[in-house]
Engineer: 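A single structure is presented below for examination.
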Amino acid sequence: MSTQKPSYRLLKISVACAITAQAIGGLTQLAAAQSTTQPASSSSSQSGTLVQDSRSKTIGRIAQPEAGGSAITLETSEPLFDIAVALNTCGYDADLATSSPVRLAIRQEVNDALAASAAARDSRDALCSYIRQHTLADSGRNLAQYISLALYLSPPPELTPTVDEAELPPDSTQIVNILPLLRTFGEEIHLNAIWFHHRPEYEDIVSRVHDPLTRMVLNTNIYLRMPVSSYDGRRFLVLLEPMLSPAATNARIYANDYIVVTSPAADPPGSIHMDQIRHTYLHYEVEPLVYARAAAMDRLLPLLKPVQDAPLEFAYKSDIVALLTECLIKAIEAQTMDVGLVRPKRPTGTHERADLEKFDAETSTYERQAEIVRRKAVDLDMRQGWVLVEYFYNKLNVMEKDSISLKEDIGEMVYGMDVERERHHDEQIVFLPEGTHDLVRRTPQKPSGLRLADLKLLQGDTAGAADLAEKALADPTADHAQAHYILARIDLMEKQPESAVTHFEEVLHTSKDPRTLAWSHIYLGRLYDVQTDRTKALEEYRAALSVRDSQPDTKAAAEKGIKEPFALPKRMQPDPQESDDAPLDPSGKAEKDAYRPPEPK
């Protein structure tokens, strides 16, 4: 049976490149401003955002967007549908009474197909036996492993992994052998036909969710004063699957994918846990800002001591960056929470002083009451172990008054923190016996491809690294810029400066990663210094600074190159008695090696 690719919607909400203080007057102004920046082929929705319908392609991950396209997608997935139906057939009944009506309808059609075919019943029995044998004690993790697998499957009838098994989420590798049984089951009950029969209901659910999701994204970015980004290698994906429990939102981060799988409830129709989706979206927006400064956070490590007795997971007691990120997100949520009060409306059609004074008094009362509600939420977060929430909550107040973006203010928030004062404050907190667990799970990823090549290069295995980089260049879907960057550094280590220059220049033409671009300029500057072409070297060092990579080592290396020419370490200086083919190491690795103590005898 021929298959049609599942449809999905791209949330085309790329806001104007720079959000100014004047432009952040509210959602209406922002939506109106963006309407002039979208392509004419897009159609306008009720919320003022622009939505483009498209069809997914057979690619490595679900609906992977193209560079420059939307990074935020709302989708349905046939592989996820197939797996969800299989789970329902084998006893997954969680929250059936509150699920969307389409779930019951599909279950009935599957039961009818099973009743009409002995072969279908046999395939079901084999499938359910496998599922029972691989059931985990934790129901959440049990469901998560199947969702992880579904995210990396090609559409039926193939239902095969779209990446190498080493690149699959680790939890999914435990149940990957379900696929032959799932394919047989799907063929026997004609699951593809059931999928297409109910496509209109799925599309209706997508339409109901689309506008609220778009408003959530816009409102979040308005508060943060940050534009909604286009696709640059990272994406935020919301998958809707009515065959799952509406109470079980599944969120995870896998490499650069921030993924939420959720199911709509029956009442009100199409309703989802938007607060949980927003929490994951805040991870998507906030994490790059925090992790860009991760190397400079050692000074904050004393803040981990007060949380050792807090009801937090070990990851937050041992990783200051993870703790800080979650506290900042919770502070943003406290600042923007629904306080359960009705905000007074400014009177219209009157300029009477008494009316305006009444409005001002009501607004002042509202703000005081709302602040009490927010402060109670902050206090609860603090007592649950999120000890920096109050600090960031106060900093966000200042950010709002100054009308600056989180991206502009994050440096001062982190670097301006009085660590000793915060540590002393945190030590006074009386923690609750139980806390909350973060919805989002970060899935560890085994190094493969170019990540593995980088690891091999660090370990000195230049041949292995080169082989993986060359394979990446032969793959039209791989990151060619990163492959050239790896090959350029290998050339430096193997005394091939001309080839290194060629690869670095290719990186500069194709890469979009600020750190890779900056260090390519720095390496080129060092090469030109070694060749005594100081003019070209200075151009490269200045170009490195203009890229604005946020890591301190980049800035330090570029500024040092501007201050004085790069020189090979003494042990690497050419010896007149040796061959002219002297080792060339602008990377500085040999200089570091020169300071290593001798091996003990």
Side-chain angles (χ1 to χ4, degrees), residues 59-61 64-68 163-164 166-167 230-234 255-256 288 292 445 447-531 533 536-551 553-555 557-558 561 566 581 583-590:
I59 42 187
R61 299 193 292 269
Q64 186 71 18
E66 297 180 358
V163 296
D164 293 338
E167 296 181 56
S230 59
Y231 179 66
D232 59 358
R234 298 170 62 250
N256 293 321
Q445 190 174 21
S448 62
L450 292 175
R451 290 190 183 90
L452 183 58
D454 259 325
L455 180 61
K456 286 182 177 292
L457 185 57
L458 289 172
Q459 295 171 341
D461 182 4
T462 56
D467 182 59
L468 290 168
E470 293 289 356
K471 288 180 180 178
L473 288 178
D475 181 356
T477 65
D479 187 346
H480 289 188
Q482 186 64 21
H484 281 293
Y485 185 61
I486 291 170
L487 290 171
R489 288 180 290 154
I490 292 173
D491 286 335
L492 292 180
M493 296 174 70
E494 296 185 345
K495 303 171 290 184
Q496 301 291 333
E498 294 83 3
S499 179
V501 169
T502 301
H503 283 298
F504 279 131
E505 289 180 343
E506 190 64 31
V507 173
L508 297 179
H509 288 133
T510 57
S511 179
K512 295 182 179 179
D513 179 63
R515 185 164 179 81
T516 302
L517 288 170
W519 274 97
S520 294
H521 283 300
I522 290 169
Y523 282 132
L524 284 171
R526 291 174 174 179
L527 280 165
Y528 289 132
D529 268 336
V530 170
Q531 297 171 3
D533 191 337
K536 285 187 176 181
L538 287 172
E539 290 177 358
E540 295 297 338
Y541 294 134
R542 290 177 182 133
L545 289 175
S546 69
V547 174
R548 296 187 182 278
D549 173 41
S550 59
Q551 299 287 356
D553 62 329
T554 305
K555 184 172 183 289
F566 174 83
D581 222 2
L584 178 64
D585 182 25
S587 68
K589 181 177 183 297

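What you are looking at is a predicted structure, and each value in this text was computed from that prediction instead of being measured. The figures that follow rest on heavy atoms only: side chains count, while hydrogens, waters and symmetry mates do not.
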Engineer: Taking salt bridge (Lys or Arg N to Asp or Glu O under 4.0 Å) as the definition, give me every residue that meets it alongside Lys536, ordered by chain and number, with sequence neighbours left out.
Structural biologist: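 If we apply the salt bridge (Lys or Arg N to Asp or Glu O under 4.0 Å) test to Lys536, skipping adjacent residues, there are no hits.
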Engineer: Within this structure, what is the CG-CG distance for the pair Leu524 and Leu508, rounded to the nearest 0.5 Å?
Structural biologist: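 Leu524 atom CG to Leu508 atom CG measures 6.0 Å (nearest 0.5 Å).
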Engineer: From Leu457 CG over to Leu487 CG, what is the distance, rounded to the nearest 0.5 angstrom?
Structural biologist: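 Atom-to-atom, Leu457:CG and Leu487:CG are 9.5 Å apart.
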Engineer: Please list all pairs meeting salt bridge (Lys or Arg N to Asp or Glu O under 4.0 Å) that have one or both residues in residues 464-483, counting only residues at least two apart or in different chains.
Structural biologist: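 Salt bridge (Lys or Arg N to Asp or Glu O under 4.0 Å) check on residues 464-483 returns Asp467-Lys471.
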Engineer: How far does CD of Gln496 sit from CG of Leu492, to the nearest 0.5 angstrom?
Structural biologist: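 Taking CD in Gln496 and CG in Leu492, the distance rounds to 10.0 Å.
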Engineer: Can you check side chain to side chain contact (heavy atoms under 4.5 Å, CB included) on Arg451 and Leu455, steps first, answer last?
Structural biologist: CA-CA 6 Å; Arg451 290 190 183 90; Leu455 180 61; over 6 Å; no
Engineer: Counting only pairs under 3.5 Å, give me each side-chain donor-acceptor contact of residues 537-545, with atom names and distances, residues two or more places apart or in other chains.
Structural biologist:
from: Glu540; atom 1: OE1; to: His521; atom 2: ND1; distance (Å): 2.6
from: Tyr541; atom 1: OH; to: Gly525; atom 2: O; distance (Å): 3.4
from: Tyr541; atom 1: OH; to: Arg526; atom 2: N; distance (Å): 3.3
from: Tyr541; atom 1: OH; to: Asp529; atom 2: OD2; distance (Å): 2.8

Engineer: Backbone N or O of Lys512 within a donor-acceptor pair of the Thr516 side chain at under 3.5 Å?
Structural biologist: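 Absent.
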Engineer: Can you tell me how far CZ of Arg515 sits from OG1 of Thr554, rounded to the nearest 0.5 angstrom?
Structural biologist: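 One finds 4.0 Å between OG1 of Thr554 and CZ of Arg515.
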Engineer: Enumerate the ring-ring contact (aromatic ring centres under 6.0 Å, His included) contacts for residues 489-509, please, sequence neighbours excluded, ordered by first and then second residue.
Structural biologist: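 ring-ring contact (aromatic ring centres under 6.0 Å, His included) check on residues 489-509 returns His484-His503, Phe504-Tyr523.
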Engineer: For Asp533, check salt bridge (Lys or Arg N to Asp or Glu O under 4.0 Å) against everything at least two apart and list the hits.
Structural biologist: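 Testing Asp533 for salt bridge (Lys or Arg N to Asp or Glu O under 4.0 Å), a comparison that skips the adjacent residues, returns none.
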Engineer: If you measure only the distance, is there a donor-acceptor pair under 3.5 Å linking the side chains of Gln482 and Ser511?
Structural biologist: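 Their side chains do not contain a donor-acceptor pair, so the 3.5 Å distance test is not met.
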Engineer: Measure across Ala469 and Ile486 and return the closest heavy-atom pair with its distance rounded to 0.1 Å.
Structural biologist: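 Nearest pair, atom of Ala469 first, then Ile486: CB-CG2, 4.2 Å.
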Engineer: Holding to salt bridge (Lys or Arg N to Asp or Glu O under 4.0 Å), I want the full list of residues that pass it with Asp454, two or more places apart in sequence or in another chain.
Structural biologist: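 With neighbours one apart ignored, the set is Arg489.
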Engineer: To the nearest 0.5 Å, what is the distance between CG on Leu517 and OH on Tyr485?
Structural biologist: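 Atom-to-atom, Leu517:CG and Tyr485:OH are 9.5 Å apart.
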Engineer: Check Ala466 against Ile490 and note the closest heavy-atom contact, atom names and distance.
Structural biologist: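 Where Ala466 meets Ile490 most closely, the heavy atoms are N-CD1, 3.5 Å.
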